Enquirer: 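Would you mind keeping the following structure in view while I ask a few things?
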Number of protein chains: 2
Amino acid sequence: MTSETIELHKSLPCTQCPLRSVENFRDFEEDELTFVGRFKKGDLAVKKGATLLVEGAHNPHLYTVLSGWGFRYKLLSDGRRQIVNYVMPGDLVGLQGSLTGEMQHSVEALSSMVLCVFEKAELFSLYERFPALAYDITWMASREECMLDENLLTVGRRTALEKVAYLLVFLLDRGRRSGMTQKPVLSITQQHVADTLGISVVHTNKTIAKLAKRRLLEWEDGGCRITDPEALAELAGWSAGKEARRPFL
Amino acid sequence: MTSETIELHKSLPCTQCPLRSVENFRDFEEDELTFVGRFKKGDLAVKKGATLLVEGAHNPHLYTVLSGWGFRYKLLSDGRRQIVNYVMPGDLVGLQGSLTGEMQHSVEALSSMVLCVFEKAELFSLYERFPALAYDITWMASREECMLDENLLTVGRRTALEKVAYLLVFLLDRGRRSGMTQKPVLSITQQHVADTLGISVVHTNKTIAKLAKRRLLEWEDGGCRITDPEALAELAGWSAGKEARRPFL
DNA sequence: CGCAACGTTGAATACCATCAAATCCTGTGG
DNA sequence: CCACAGGATTTGATGGTATTCAACGTTGCG
């Protein structure tokens, strides 16, 4: 936990959870909602650039993203960084650490974020009392696995042009489904793109320039406006899954 | 399911499960074992090279590997292949498809394998009746996530030499912990290594030659003998996790 | 034997990383 | 207001890494 984080004492009750109004998310049963309400310990606000979780740490909490976004990453000893995935509203953060004990990756905020705080120690009682919610958690872990598989395919076997195309439509799709943004704009740095795709910043920049010349996107001060998501998806050889209403905690 | 698979009618009862005698795996409670015994539908034997699960398929089953090993992979439309992870004794196969509905990757046997067959449809009843087992399943999903994160770091940011070093010690470590083999030998093809690490076979071959020249390994007909695992781990900048006795189903 | 799969090697080429430097922008302090 | 610093983006030059193509040796197998 860094100094940029701010604990909010007035936490929003689950009945007024902002995620419940997002089209893409599921409903709760009455009793589930009251249980989750007790499971929730408060809200946490973090500023852009803050490090939420650090590799190697033992954090007693587990989070659900309520707003904003960030990224999960790992470092090599000499500083090489690999961004492993992104977290957006509705996503669980810190589940891996809750189960394995020690965080195996770090998480940093790409924008200001608000997180719903749970107590790791109470996770098992959720499994005991609400198997349907437990099943949902496993579902979310499985969804994460799918994304990681696809990211591996991208980093390992797609060309630089395909990589960038894939990443952008992937993020845009997720951003929309999570209710984070409807505009086709991603506030992201070319360094982040590079560290996600396993290529250098310079080469990332040149690859982006090629896509811009083809009018598939425009890069504007610290962000990317995607003008032709279909063409990017086509180029990447990727099609968005159906993914109907999905669970969250 | 391909023609190379053979259904065994005489399935081993869970009380005699070969995995139970492996040091690294946990024990079951009496009632858990009887439940899992009813959950189990039989054994499945597959030959080396057989495709267990196909991307896009809807398989009604879920498996635990009892012996042998294989790999999970994804394909691009033009045939480029990315091996995403390996499956070894004690690992669940097909969990993702059980939850998401459709398999998002394929699985192929690297050796002859025997699998314990479960019914997807009964998975939720396990969540209802044995929260501890449900928790264990989530733990396994989380462990998979950790491995994928590390693999992404490898493919994205490690050099070719580090990549090969990492993969070999990673596989050797897992092979030993799962009780699959005690010998420092991996029966694997250089094509598999290449498709795991996102590099070409030719370059893989030259990289392996460098490691062999340093006497860290020897490549012998269709397999790899690791002669200096510590040096490889050092080179890869990787240290094996502790991972005490772990669950399985 | 003929064939296929795997491993090995060399040469030419394409791709990407590294280095260096310029531009643009924002925020800060004088 | 300007000067300045820092971050992000852009561009060009250069060298290294990895890919591709091709040829060849080995082994195992129908």
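Just so we're clear, the structure is a prediction, and the values are computed from it rather than from any experiment.
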Enquirer: Between B:Glu162 (CD) and D:dT17 (P), how many Å, whole number?
Expert: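 Taking CD of B:Glu162 and P of D:dT17, I get 12 Å after rounding.
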Enquirer: For C:dT8 and B:Gln190 - does any side-chain N or O of the residue sit under 4.0 Å from the phosphate oxygens OP1/OP2?
Expert: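 For C:dT8, OP1 or OP2 has a side-chain N or O of B:Gln190 closer than 4.0 Å.
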Enquirer: Rounded to the nearest 0.5 Å, how far does CZ of B:Arg176 lie from CE of B:Met88?
Expert: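 Between atom CE of B:Met88 and atom CZ of B:Arg176 there are 12.0 Å.
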Enquirer: Verify the distance criterion only: is there a donor paired with an acceptor across the side chains of A:Arg174 and A:Ser178 at less than 3.5 Å?
Expert: no
Enquirer: In whole angstrom, what separates B:His192's NE2 from C:dG7's C1'?
Expert: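 Nearest whole value for this atom pair: 14 Å.
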Enquirer: Look at the side chain of B:His203 and decide which nucleotide, out of D:dT19, D:dA13, C:dT8, has an atom nearest to it.
Expert: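 Nucleotide nearest to B:His203's side chain: D:dT19.
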Enquirer: Could you check A:His61, A:Arg72, A:Met113, A:Glu108 and say which one makes a side chain to side chain contact (heavy atoms under 4.5 Å, CB included) with A:Leu52?
Expert: A:Met113
Enquirer: How long is the line joining CG of B:Leu197 and P of D:dT19, in whole Å?
Expert: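 Rounded to the whole Å, the gap is 11 Å.
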Enquirer: How is B:Gly223 classified with respect to the nucleic acid when contacts are heavy atoms under 4.0 Å: base, sugar-phosphate, or nothing?
Expert: nothing
Enquirer: Considering only side-chain heavy atoms of B:Lys206, which listed nucleotide, C:dG7, D:dT20, C:dT18, is closest?
Expert: D:dT20
Enquirer: Tell me: NZ of A:Lys210 to C1' of D:dT10, nearest whole Å?
Expert: 15 Å
Enquirer: NA contact type, A:Ile199, heavy-atom cut-off 4.0 Å: base, sugar-phosphate, or nothing?
Expert: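 If one applies the 4.0 Å heavy-atom cut-off, A:Ile199 turns out to touch the sugar-phosphate alone, with no base involved.
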Enquirer: Under 4.0 Å between a side-chain N or O of B:Asn205 and OP1 or OP2 of C:dG7?
Expert: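 No.
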Enquirer: Supply the atom-to-atom distance A:Leu216 CG to A:Ile226 CD1, rounded to the nearest 0.5 angstrom.
Expert: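 With rounding to 0.5 Å, CG (A:Leu216) is 10.0 Å from CD1 (A:Ile226).
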Enquirer: Nearest heavy atom decides the nucleotide; on that basis, is B:Val201 or A:Thr204 closer to the 5' end of DNA chain C?
Expert: B:Val201
Enquirer: Does a donor on one side chain and an acceptor on the other come within less than 3.5 Å for B:Glu144 and B:Asn85?
Expert: yes
Enquirer: May I ask you to check whether B:Tyr73 and B:His105 place their ring centres under 6.0 Å from each other?
Expert: no
Enquirer: Please compare A:Arg157 and A:Val202 by the position of their nearest nucleotide in DNA chain D and report the one closer to 5'.
Expert: A:Val202
Enquirer: The side chain of A:Ser200 lies closest to which of these nucleotides: C:dT18, C:dC16, D:dT11?
Expert: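 It is C:dT18.
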Enquirer: Looking across every strand, which nucleic acid part, if any, lies under 4.0 Å from A:Ala209 by heavy atom: base, sugar-phosphate, or nothing?
Expert: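 Touches nothing.
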Enquirer: What is the distance, rounded to the nearest whole Å, between atom CD1 of B:Ile208 and atom P of C:dG7?
Expert: 8 Å
Enquirer: CG/A:Asp91 to CE/A:Met180 distance, rounded to the nearest 0.5 angstrom?
Expert: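 The CG atom of A:Asp91 sits 9.5 Å away from the CE atom of A:Met180.
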Enquirer: Over how many whole Å does the gap from B:Lys48 atom NZ to D:dC29 atom P extend?
Expert: 10 Å
Enquirer: With a distance cut-off below 6.0 Å to the six-membered ring centre and an angular limit of 45° from the axis, does A:Arg246 pair with A:Phe25 as a cation-pi contact?
Expert: no
Enquirer: Using five pairs at either end of the helix from C:dC1-D:dG30 to C:dG30-D:dC1, determine the angle between the two local helix axes and round it to 10 degrees.
Expert: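 Rounded to the nearest 10 degrees, the bend comes out at 30°.
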Enquirer: Within this structure, what is the CG-to-P distance between B:Leu110 and C:dC6, rounded to whole angstrom?
Expert: 11 Å
Enquirer: Over how many whole Å does the gap from B:Lys163 atom NZ to D:dT17 atom P extend?
Expert: 14 Å
